[in-house]
Amino acid sequence: QVQLVESGGGSVQAGGSLRLSCAVSQDTFNSSCMGWFRQTPGKEREPVAAVYTGSGSTYYADSVKGRFTISISRAGAKNILDLQMNSLKPEDTAMYYCAASDTDYVPEVDISHFGYWGQGTQVTVSP
């Protein structure tokens, strides 16, 4: 059973920074695409950033371009997915989820292509 474990959420004032991390529990688990999504009450979960593990190509939502940076690294045999969030805004307040695709073909960063999810970590940005 693959588990994704997030850490690094919290509260910060507008203009501040936070770094989210996601550790994959299973050694040698390889996913074609890993990313971060976020959700606020009453709204659909939306993609924030993603990285295609084979090519290294990245995706960013327009609302976070230039402020957020996604990266993936290895800690032994495990993948670690990070999201560096700078210049945070109150509208970035949400529950953030780490996700990994469960298919080899991910034509777009959409929740339908991601079968593995973390439990979520709250990010709160105050004005």
* To do: Dump the intermediate steps for side-chain contact (heavy atoms from CB on, under 4.5 Å) on F114 and D102, then the final yes or no.
  => CA-CA 6 Å; F114 291 79; D102 55 351; 5.9 Å; no
* Could you give the distance from CG (D110) to NE2 (H113), rounded to the nearest 0.5 Å? -> 5.5 Å
* Please answer: with hydrophobic residues joined when any side-chain heavy atoms are less than 4.5 Å apart, are V2 and V51 in the same cluster? => yes
* 4.5 Å side-chain heavy-atom contact, D82 and I72 -> no
* Asked: Between atom CG of N79 and atom OG1 of T53, what is the distance when rounded to the nearest 0.5 Å?
  -> 7.5 Å
* To do: For residues I80 and A75, report the shortest heavy-atom separation together with the two atoms involved.
  => CG1-CB, 3.9 Å
* Give the minimum heavy-atom separation between T40 and A94, together with the two atoms involved. => CG2-CB, 3.6 Å
* Asked: So how far is it from E46 CD to Q39 CD, rounded to the nearest 0.5 Å?
  -> 9.0 Å
* Using a cut-off of 6.0 Å, state whether more than 12 heavy atoms not belonging to E91 lie near its atom CD. => yes
* Asked: Any chance the rings of W36 and F68 have centres within less than 6.0 Å?
  -> no
* Euclidean distance, S63 OG relative to R38 CZ, rounded to 0.5 Å -> 4.5 Å
* Structure fact -> The reported gap from CG in D92 to CG in L18 (rounded to nearest 0.5 angstrom) is 10.0 Å
* Indicate yes or no for a side-chain donor-acceptor contact from T93 to the backbone of T124 under 3.5 Å, with no hydrogens or angles considered. => no
* Is there a side-chain contact between M85 and L20, using heavy atoms and a 4.5 Å cut-off? -> yes
* Close side-chain approach of S17 and R67, heavy atoms under 4.5 Å -> no
* Between M34 and V24, what is the shortest heavy-atom contact and its length? -> CE-CG2, 3.7 Å
* **Where G118 and Y97 come nearest, the two heavy atoms and their spacing** => O-CD2, 3.6 Å
* Structure fact -> Per side-chain contact (heavy atoms from CB on, under 4.5 Å), Y60 is matched among V48, T69, V109 by T69
* Structure fact -> Closest heavy-atom pair, G120 versus M95, reported as atoms and distance to 0.1 Å, is C-SD, 3.7 Å
* Given the rule in the side-chain contact (heavy atoms from CB on, under 4.5 Å) test, do S71 and R19 qualify, once you have shown the distances and angles that lead to the verdict? -> CA-CA 11 Å; S71 61; R19 187 176 184 89; 4.0 Å; yes
* Asked: When rounded to the nearest 0.5 angstrom, what distance separates OH in Y52 from OG in S32?
  -> 8.0 Å
* State, with a plain yes or no, whether a side-chain heavy atom of I111 is found less than 4.5 Å away from one of W117. => yes
* Cluster question for you: counting only ILVMFWY and a side-chain heavy-atom cut-off of under 4.5 Å, with indirect links fine, are L81 and Y116 together? -> yes
* Asked: Are a donor atom and an acceptor atom from the side chains of T103 and S101 found within less than 3.5 Å of each other?
  -> no
* If every non-hydrogen atom of C33 is compared with every non-hydrogen atom of V106, which pair is closest and at what distance? -> CB-CG2, 4.1 Å
* Asked: Would you say L4 and E6 make side-chain contact, with heavy atoms under 4.5 Å?
  -> no
* To do: Report, as yes or no, whether the 6.0 Å neighbourhood of atom CD on E44 holds more than 12 heavy atoms from other residues, nucleotides or ligands.
  => no
